[in-house]
Amino acid sequence: MNTQAQTYAQEILRSVKELPEGTEATVSFSLDGTAVKRMVGDLGDGRVRIQNMAEKYISLHNHASNAMLSPEDISALLHKENMVGIGVVGNKGAFFSCEKVYGYNQKKALVLYDKIRLKYDLSVVEQRIAFVQEFKKEASVYGLKFSESL
């Protein structure tokens, strides 16, 4: 699975290489590694929306800023029951992910998200980073595993 995810991450970066700075692309694939949905941002701002799927899946997309998972990425993972993992590859190669692992409790994870969310103004970059860092510290209790490779 890890090898397949790396292949898709490389595909994402190739698909935006010649596009305007900030353009996002996404690949979502089922747990057997079969790619099921691909999308390149064309919504005027170059962003993509993370899609829901009927089967268990992992969603990967890029962040031109080379930045970590966003609060919106984490929210998508929590709200989409069939998404078991989300990953972000930075345009300079950094990789960040979060996966639902044994003991995942959606209800409690959402309560934690909302509790921490109230503390931060997510329109401010520094506040967004602080939110994600605080959420990461507490989320493992509810079956969420974060990882990164810089």
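Once rounded to the nearest 0.5 Å, the distance linking OG of S97 with CG of L69 reads 7.0 Å. Taking OG from S28 and CG from N52, the interatomic distance works out to 9.5 Å, rounded to the nearest 0.5 Å. Between atom CE of residue M53 and atom CD1 of residue I58 there is a gap of 10.5 Å, rounded to the nearest 0.5 Å. From Q127, atom CD reaches atom CG of L122 across 8.0 Å, with rounding to the nearest 0.5 Å. For the atom pair OH of Y104 and CD of E99, the computed distance is 12.5 Å after rounding to the nearest 0.5 Å. With rounding to the nearest 0.5 angstrom, the CG atom of L77 is 9.5 Å from the CD atom of Q106.
Using a 30° and 60° split on the angle between ring planes, Y8 and F29 fall in the tilted class, from 30° to 60°.
In terms of modelled atom types and a separation under 3.5 Å, the side chain of Y113 and the main chain of P71 share a donor-acceptor contact. For N82 (side chain) and A54 (main-chain N/O), a donor-acceptor pair under 3.5 Å exists by modelled atom type. Side chain of N62 to backbone of I12: no donor-acceptor contact under 3.5 angstrom is found.
Here the closest heavy-atom approach between residue S59 and residue M83 is recorded as CB-CE, 4.0 Å. Nearest approach of K80 to K100, heavy atoms of both residues: O-NZ, 2.9 Å. In this structure, V132 and S70 approach most closely via the heavy-atom pair CG2-C, 4.2 Å. Nearest heavy atom pair, residue A130 against residue Y120, reads CB-CE2, 3.4 Å. Among all heavy-atom pairs drawn from V36 and S30, the shortest one is CG2-N, 4.1 Å.
Looking only at side-chain heavy atoms (C-beta outward), L78 and L144 come within less than 4.5 Å of each other. Between I129 and M68, some side-chain heavy-atom pair lies under the 4.5 Å cut-off. Side-chain contact check for F95 versus V88: every heavy-atom pair is 4.5 Å or farther apart. Side chains of C98 and K145 form no contact here, defined as non-hydrogen atoms less than 4.5 Å apart. Inter-residue side-chain proximity for L110 and H79 is flagged as met; some heavy-atom pair is nearer than 4.5 Å. By the 4.5 Å heavy-atom criterion applied to side chains, L60 and T26 are not counted as neighbours. Y57 places none of its side-chain heavy atoms less than 4.5 Å from the side chain of V84. Counting only heavy atoms from C-beta outward, the side chains of R128 and E72 approach each other to under 4.5 Å.
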Problem set entry | Pair V27-E11, side chain to side chain contact (heavy atoms under 4.5 Å, CB included): steps then yes or no | CA-CA 9 Å; V27 175; E11 176 186 316; 3.7 Å; yes
For this session: Start with the C-alpha distance between K136 and E148, add both sets of side-chain angles, then the distance that settles salt bridge (charged side-chain N to carboxylate O under 4.0 Å, His left out), and finish with yes or no.
Result: CA-CA 12 Å; K136 283 170 59 173; E148 61 186 58; 3.3 Å; yes
For this session: Go through the steps for R117 and E134 under the test salt bridge (charged side-chain N to carboxylate O under 4.0 Å, His left out), then give the verdict.
Result: CA-CA 10 Å; R117 167 66 186 91; E134 183 173 343; over 6 Å; no
Problem set entry | Verdict with supporting geometry, D114 and V111, side chain to side chain contact (heavy atoms under 4.5 Å, CB included) | CA-CA 5 Å; D114 290 339; V111 168; 6.0 Å; no
Exercise. Is there a side chain to side chain donor-acceptor pair (under 3.5 Å) between H61 and D73 once you walk through the steps?
Worked result: CA-CA 10 Å; H61 66 284; D73 295 334; 3.1 Å; yes
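Hydrophobic clustering (ILVMFWY, side-chain heavy atoms < 4.5 Å, transitive): V101 and I86 are in distinct clusters.
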